[in-house]
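Working notes, structure below.
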Amino acid sequence: MTRAGFVALIGEPNAGKSTLTNQMVGAKVSIVTHKVQTTRTRIRGVAIEDTSQLVFVDTPGLFRPRRRLDRAMVAAAWGGAADADIVVLLVEAHRGVTEGVERILEGLEKMAEGRTVALGINKIDKVKSEALLALAKDLNERYDFTETFMISAEKGHGVPALRSWLAEVVPEGPWMYPEDQIADLPMRMIAAEMTREKLTLRLHQELPYQMTVETENWEERKDGSARVDQVIYVMRDGHKGIVLGNKGETIKSIGKAARTELEEFMGRKVHLFLQVKVRPNWLEEKERYSEMGLDFKDGNA
Ligand SMILES: Nc1nc2c(ncn2[C@@H]2O[C@H](COP(=O)(O)OP(=O)(O)OP(=O)(O)O)[C@@H](O)[C@H]2O)c(=O)[nH]1
Ligand SMILES: [Mg+2]
């Protein structure tokens, strides 16, 4: 007898959803940065625990959206929660019950009726245990969580306990993915995400929020390597200059970092070519959204 189910990880931006997804899967399927709003779409990562297959749905952070892209991201996150068998809300231990967390709890009241919702207090490595107990009590008074877990997604503390519990509570049924599959995202998108991660880590302030990366072409070569062509869309000439850097130094090092990671992920050689295009209005272009795996309509005000 097997079990299988979708586990949506939701929470404020930066809560550690992608870190936890990767920790559960045991491989980097979702990009992680110290900046908020890194994840832009739902990313599925698959883990196996005993006879259960757990399909983790990493989601964009929930925040008060301003732009079309923000609205589409938030809609994708709530959609991921609505479609899941189990929802895990991640809250940052050191930040506690923020306004953002309060709003998410209100949202959960509306959508999660009858659903199994667990609380994951993350980043426990950052606080003292007394503070944790008080926070767990406070949150459980505000919402009727099925179970509470104290974890450090980064260090792995408490993660096995959460995984075993999930394995017990997902519905009985056949596995949804082959045993060896760890992600459900086209390789061209995983590759674009890797480049976007390197850009986000490298660029400052608002710039990461004003660009997107797409894999335009993917060519398998006879020698077993792959040629991957990507476009980085930015909004202004000045941004293009920053991404390129002095004598192209910046884009060169970004490309190198992304290629190294891609090669490691695929276990073979990759030739990565990056091009920067100025597209002042990309945030309002429908095609950019479908490339990201988002619904353009969800971004309507
Ligand atoms: N100290 C500590 N840092 C953590 C832990 N988990 C995640 N982080 C860090 O928190 C930051 C955000 O992690 P992400 O996994 O990208 O967070 P996210 O919830 O996916 O963020 P968005 O995609 O922006 O919504 C990164 O710098 C992580 O390294 C943890 O358990 N302890
Ligand atoms: Mg994320």
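As a basis for the values below, the full set of heavy atoms in this structure was taken, side chains included, without hydrogen atoms, waters or symmetry mates. Numbers for residues simply follow the sequence, beginning at 1. Whatever order the structure lists them in is the order used to number ligands and atoms, beginning at 1.
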Problem set entry | Nearest non-hydrogen protein atom, atom 4 (C) of ligand 1 | K123 CE, 3.6 Å
Problem set entry | Closest candidate by heavy atom, reference atom 24 (O) of ligand 1, pool K17, Q37, E154 | Q37
Exercise. Regarding N300 and R68, is there a side-chain donor-to-acceptor distance under 3.5 Å anywhere?
Worked result: yes
Problem set entry | Between S18 and T39, a side-chain donor and acceptor under 3.5 Å | yes
Exercise. Does any non-hydrogen side-chain atom of F273 lie less than 4.5 Å from one of V228?
Worked result: no
Seminar exercise, completed: Quick note on ligand 1: atoms under 4.0 Å from a heavy atom of H34 include exactly 27 (O)
Exercise. N/O of I31 under 3.5 Å from N/O of ligand 1, yes or no?
Worked result: no
Problem set entry | Polar side-chain atom of E12 near backbone of V91 as donor-acceptor pair, under 3.5 Å | no
Exercise. Under 3.5 Å, side chain of R3 to main-chain N/O of T51, donor-acceptor pair present?
Worked result: no
Problem set entry | Proximity winner for atom 14 (P) of ligand 1, if only heavy atoms of L20, I121, V159, T19 are counted | T19
Exercise. Which atoms of the protein, restricted to N, O or S, are nearer than 2.8 Å to the Mg ion (ligand 2)?
Worked result: S18 OG, T39 OG1
Exercise. Atoms of ligand 1 less than 4.0 Å from T33 heavy atoms?
Worked result: 11 (C), 12 (C), 13 (O), 16 (O), 26 (C), 27 (O)
Exercise. Looking at side-chain heavy atoms only, is the closest gap between L54 and M24 below 4.5 Å?
Worked result: no
Exercise. What part of K126, side chain, backbone, both or neither, has a heavy atom within less than 4.0 angstrom of ligand 1?
Worked result: side chain
Seminar exercise, completed: In ligand 1, the atoms that come under 4.0 Å of a heavy atom of G16 are 7 (C), 13 (O), 14 (P), 15 (O), 17 (O), 18 (P), 19 (O)
Exercise. Is it the case that N22 and S30 place a side-chain donor and acceptor less than 3.5 Å from each other?
Worked result: no
For this session: Report the part of N122 in contact with ligand 1, treating N, CA, C, O as backbone and CB onward as side chain, heavy atoms under 4.0 Å; options are side chain, backbone, both, neither.
Result: side chain
Seminar exercise, completed: Logged contact type for D125 with ligand 1, heavy-atom cut-off 4.0 Å, is side chain
Exercise. Does G11 come within less than 4.0 angstrom of ligand 1, counting non-hydrogen atoms of the residue?
Worked result: no
Exercise. At a 4.0 Å threshold, what atoms of ligand 1 neighbour a non-hydrogen atom of V36?
Worked result: 24 (O)
For this session: Give yes if a backbone or side-chain nitrogen or oxygen of T39 is under 3.5 Å from a nitrogen or oxygen of ligand 1, and no if not.
Result: yes
For this session: Return the set of residues passing side chain to side chain donor-acceptor pair (under 3.5 Å) with H271 (not counting sequence neighbours), or none when no residue passes.
Result: S225
Seminar exercise, completed: If we number the atoms of ligand 1 from 1 as shown, the ones under 4.0 Å from a heavy atom of G61 are 25 (O)
For this session: Sequence neighbours left out, what passes side chain to side chain contact (heavy atoms under 4.5 Å, CB included) with V55? Give chain and number order.
Result: F6, R44, M176, Y177
For this session: Report the residue from T195, I242, I232 that forms a side-chain contact (heavy atoms from CB on, under 4.5 Å) with I251.
Result: I232
Exercise. Where is the nearest protein heavy atom to atom 12 (C) of ligand 1: which residue, which atom, and how far?
Worked result: N14 OD1, 2.9 Å
Exercise. Between E216 and R188, is there a side-chain N and carboxylate O pair less than 4.0 Å apart?
Worked result: no
Problem set entry | Under-4.0 Å salt bridge between R268 and E220 | yes
Problem set entry | With Y143, the side-chain contact (heavy atoms from CB on, under 4.5 Å) member among L108, L119, I104 | L108
For this session: Return yes or no for this condition: an N or O of A153 is under 3.5 Å from an N or O of ligand 1.
Result: yes
Seminar exercise, completed: Note: ligand 1 atoms sitting under 4.0 Å from heavy atoms of S152 are 30 (C), 31 (O), 32 (N)
For this session: Applying side chain to side chain contact (heavy atoms under 4.5 Å, CB included), name anything that partners E206, two or more places apart in sequence or on another chain.
Result: Y209, Q210
